Enquirer: 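Below are the C-alpha cells for one structure; questions will follow.
The sequence lines fix the lettering, A, B, ..., with proteins before strands; numbering per chain opens at 1. Only this structure's heavy atoms are used, side chains among them; waters, hydrogens and symmetry mates stay out. None of the values given here were measured: they were computed from a predicted structure.
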2 protein chains.
Amino acid sequence: MKENGSELLQGAIVDASVDASANTTVDARKYKRGSIRDNNLEKILDAAHDEFVLQGYSGASIQAIADRAGLPKANIHYYFKRKTNLYVAVLDNILSLWNDYLDEIDVDDDPAEVLDNLIRSKVAFSYSNPKASKLFAMEIIQGAPHLKDYLRNELRPWVRSKMKVLDTWIAQGKMAAIDPVYLIFLIWSSTQHYADFDTQVLTVMNRAEYEQEMIDDIASFLSGVILRGIGLEPPARKERKIN
Amino acid sequence: MKENGSELLQGAIVDASVDASANTTVDARKYKRGSIRDNNLEKILDAAHDEFVLQGYSGASIQAIADRAGLPKANIHYYFKRKTNLYVAVLDNILSLWNDYLDEIDVDDDPAEVLDNLIRSKVAFSYSNPKASKLFAMEIIQGAPHLKDYLRNELRPWVRSKMKVLDTWIAQGKMAAIDPVYLIFLIWSSTQHYADFDTQVLTVMNRAEYEQEMIDDIASFLSGVILRGIGLEPPARKERKIN
DNA sequence: GTCTATAGCCTGATAGAC
DNA sequence: GTCTATCAGGCTATAGAC
C-alpha cells in the first residue's frame with residue numbers, strides 16, 4: 001500500500017468512470033510519476049483509507065481526510081468529485097492488492113506445498129496490510145453495497161477455478177474428500193482474523209503489537225492444523241520471502 | 001435476540017450508568033414485563049441494532065432508528081439520552097448473548113466431544129444471530145473503542161481459563177501439542193466467518209440464503225478438519241438440540 | 001491547479017405543550 | 001410518559017477569486 005504507484009492512477013480513472021460529469025482532467029496516465037497530482041492522489045487515498053477504517057464511511061468526514069492528507073478540503077473534491085467516488089477508489093486500490101494473491105495453482109503441483117504456501121502468504125499479507133483487510137471486511141459485513149459486482153464477476157469465478165483443481169487432487173487421492181469451497185473459506189477466515197480482529201487478538205494475548213516471530217508461529221499453526229485436517233502432511237518449514 | 005426480556009432491562013440500566021444526568025426513571029426492573037416501556041425498549045434496541053449494522057455508527061441516524069421502531073424520534077432520546085448510550089446498550093445486549101456460550105468445560109470431559117460441541121454451537125449461533133455477530137465484528141475491527149474493557153476484563157480471563165484445560169489435555173497426551181490460544185482463535189474465526197461474511201459466502205456459492213442442511217455441512221466440515229488437525233477423531237455425528 | 005467562502009441540508013439534541 | 005417544533009452545529013458540495 002505504500003509503493004503502488006500504478007494503482008493510484010486507477011483511483012482517478014475509477015472516479016471518472018463513476019461520475020461522467022467529473023473534472024476536465026485528461027487521462028491520469030499522462031502525468032509522470034512524482035508529479036503534484038500523483039503525490040496528492042496518493043496522500044488522499046492513504047488518508048481516506050485510514051479514516052474510513054477508523055470512523056466508517058459516514059463517520060469519516062472529508063475535512064478529517066483533508067487534514068490527515070495535509071491538503072485543503074476543497075482539493076479532495078477537486079480530485080474526487082463525490083465522497084462515494086473516493087471510497088470506491090480506495091476499495092479499488094485494495095482489490096488490486098487482493099488480486100495479486102489470486103495466483104495460479106496447477107493440478108500438477110503438490111497440494112501440501114501449494115496450500116502451505118497459500119496460508120503463509122495470506123498470514124503475511126494480513127500482517128503487512130491490516131488496514132486493507134479491515135476496510136474490505138467492513139464493506140462485506142455491511143452487505144458489500146459497492147462490491148456485489150466484484151464478488152459475483154471476479155471472486156466467484158476465481159473460487160470456482162480453484163475448486164476444480166482441489167477436486168482433481170481429491171479424485172487423484174492426494175487429499176481427503178472435503179468440500180473445496182469450505183476449505184477456501186476456512187483459509188480466508190482463519191488467516192484474515194489476525195488482521196481484522198487484531199485488537200481482540202492482541203488484547204487476549206496481552207501484547208502491544210504483532211512481532212515477526214508470532215506471525216511465523218501463527219502461519220505454522222494454521223498450516224499444520226488445516227493440512228493435517230484434510231489428510232496432508234505439512235511440508236518441512238523453509239524460509240520464505242515475503243513479497 | 002427476540003425473546004430476551006431480561007437483557008432489555010440492562011439497556012436502561014446501562015444508559016443510566018453511562019450518563020448520570022439521565023432521565024428520572026426509577027429502576028426499570030420495577031416495571032412488569034410487557035409494559036409500554038419494555039415494549040418500546042425492545043423495539044428501539046432491535047431497530048438500532050439493524051441500523052447500526054447496516055449503516056455503521058455514524059451512518060445510523062436516530063430518525064432512521066425511530067422510523068424502523070415505529071416511534072417518534074424524541075422518544076429515542078427519552079429512553080436513551082445520547083446516541084452513544086443507545087449504541088452501548090445494543091453492544092451490551094450482544095455480549096449477554098455471547099456470554100451464554102462461554103460455558104464451562106471440564107478437564108475430565110472428552111476433548112473431541114467438547115470441541116465438536118463448541119464448533120457446532122458456534123456455527124449454529126452464527127446462523128441464528130448473524131446481526132449480533134456482525135455488530136460485534138465491526139466494533140472490534142474499528143479498534144473496539146467501546147469494548148476494550150470487556151476484552152481485557154472478561155474475554156481474556158475466559159480464554160486463559162480455557163487454555164488451562166486445553167494444556168492439561170495436551171499434557172495428558174489426549175491431543176497434539178498445539179498452542180491453545182491459536183486453537184481458540186481458529187474456532188472463533190472459522191465459525192463466525194459464515195455470519196460476518198454471509199454476503200461473500202452466499203454470493204460465491206450462488207445461494208440466496210443459508211439452509212439448515214448447509215449449516216450442518218459447514219459444522220461437520222469445520223469440526224472434522226479442526227479436530228483431525230489437532231490429532232483427534234471427530235465423534236460420530238449425532239442430532240443436537242440448538243439452544 | 002489551488003483554496004476561501006458559503007450554500008443547503010441533515011444531524012443530534014432539547015424545550016415545552018399535551 | 002409522549003411527541004411536536006425547533007435550535008445550533010457539522011456535513012457534503014459548489015461557486016468563484018486567485
Enquirer: Taking the side chain of Ala74(B) as its heavy atoms from C-beta onward, which of dG12(C), dT12(D), dC3(D) lies nearest to it?
Expert: dC3(D)

Enquirer: Can you measure His77(B) atom NE2 to dG16(C) atom C1' for me and round it to whole angstrom units?
Expert: 16 Å

Enquirer: How close or far is atom P of dC11(D) from atom OH of Tyr57(A), stated in whole angstroms?
Expert: 14 Å

Enquirer: Take atom CD1 of Ile76(B) and atom P of dT14(C), then tell me their distance rounded to the nearest Å.
Expert: 15 Å

Enquirer: Figure out the CG/C1' separation between Asp67(B) and dC3(D), and round it to whole Å.
Expert: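 In whole Å, dC3(D) C1' and Asp67(B) CG are 14 Å from each other.
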
Enquirer: Look at the side chain of Ser61(B) and decide which nucleotide, out of dT11(C), dT6(C), dA13(C), has an atom nearest to it.
Expert: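 Given the options dT11(C), dT6(C), dA13(C), the side chain of Ser61(B) is closest to dT11(C).
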
Enquirer: Quick one, Asp67(B) with Lys73(B), criterion salt bridge (charged side-chain N to carboxylate O under 4.0 Å, His left out). Give me CA distance, side-chain angles, the key distance, then yes/no.
Expert: CA-CA 8 Å; Asp67(B) 290 349; Lys73(B) 185 174 71 160; over 6 Å; no

Enquirer: Expressed in angstrom and rounded to an integer, what is the separation of Phe80(A) atom CZ from dT14(D) atom C1'?
Expert: 18 Å

Enquirer: Which nucleotide, dT12(D), dA13(C), dT14(D), lies nearest any side-chain atom of Lys83(B)?
Expert: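 Closest of the options to the side chain of Lys83(B): dA13(C).
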
Enquirer: Where the side chain of Tyr78(A) is concerned, which of dG1(C), dA13(C), dT4(D) is the nearest nucleotide?
Expert: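 Taking heavy atoms from C-beta onward, the closest nucleotide is dG1(C).
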
Enquirer: For the residue pair Tyr194(A) and Tyr127(A), is the inter-centroid distance of their aromatic rings smaller than 6.0 Å?
Expert: no

Enquirer: Tell me whether the rings of Phe52(A) and Tyr57(A) are parallel (<30°), tilted (30 to 60°) or perpendicular (>60°).
Expert: parallel

Enquirer: Would you say a side-chain N or O of Asn40(B) is under 4.0 Å from OP1 or OP2 of dT2(D)?
Expert: yes

Enquirer: Side chain of Tyr79(A) only, heavy atoms from C-beta on: which candidate in dT14(D), dT2(C), dT4(D) is closest?
Expert: dT2(C)

Enquirer: OP1 or OP2 of dT14(D) less than 4.0 angstrom from a side-chain nitrogen or oxygen of Lys73(A), does that happen here?
Expert: no

Enquirer: Side chain of Ile62(B), heavy atoms from C-beta onward: which of dT4(C), dT6(C), dG12(C) has the nearest atom to it?
Expert: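 Within the option list, the nearest is dG12(C).
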
Enquirer: Output the rounded distance in Å from CD (Gln55(B)) to P (dG12(C)).
Expert: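 Taking atom P of dG12(C) as the reference, CD of Gln55(B) is at 12 Å.
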
Enquirer: Select base, sugar-phosphate, or nothing to describe what Ala60(A) touches, counting heavy atoms under 4.0 Å on all strands.
Expert: sugar-phosphate

Enquirer: Choosing from dT14(C), dC3(C), dT4(D), which nucleotide comes nearest the side chain of Pro72(A)?
Expert: dC3(C)

Enquirer: Can you identify which nucleotide, out of dT2(D), dT12(D), dT2(C), has its nearest atom closest to the Asn75(A) side chain?
Expert: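 Out of dT2(D), dT12(D), dT2(C), the nucleotide with an atom closest to Asn75(A)'s side chain is dT2(C).
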
Enquirer: Would you say Arg82(B) places a side-chain N or O within less than 4.0 Å of OP1 or OP2 belonging to dA13(C)?
Expert: yes

Enquirer: Please name the residue in the list Asp196(A), Asn129(A), Asp198(A) that meets the side-chain hydrogen bond (donor to acceptor under 3.5 Å, both in side chains) test with Lys134(A).
Expert: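 Result for side-chain hydrogen bond (donor to acceptor under 3.5 Å, both in side chains) with Lys134(A): Asp198(A).
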
Enquirer: How many Å lie between OH on Tyr87(A) and P on dT12(D), as a whole number?
Expert: 15 Å

Enquirer: Kindly assign one of parallel, tilted or perpendicular to the pair Phe185(B) and His193(A), based on the angle between their ring planes and the thresholds 30° and 60°.
Expert: tilted

Enquirer: May I have the distance from Asn85(B) (atom CG) to dT14(C) (atom C1'), rounded to whole angstrom?
Expert: 15 Å

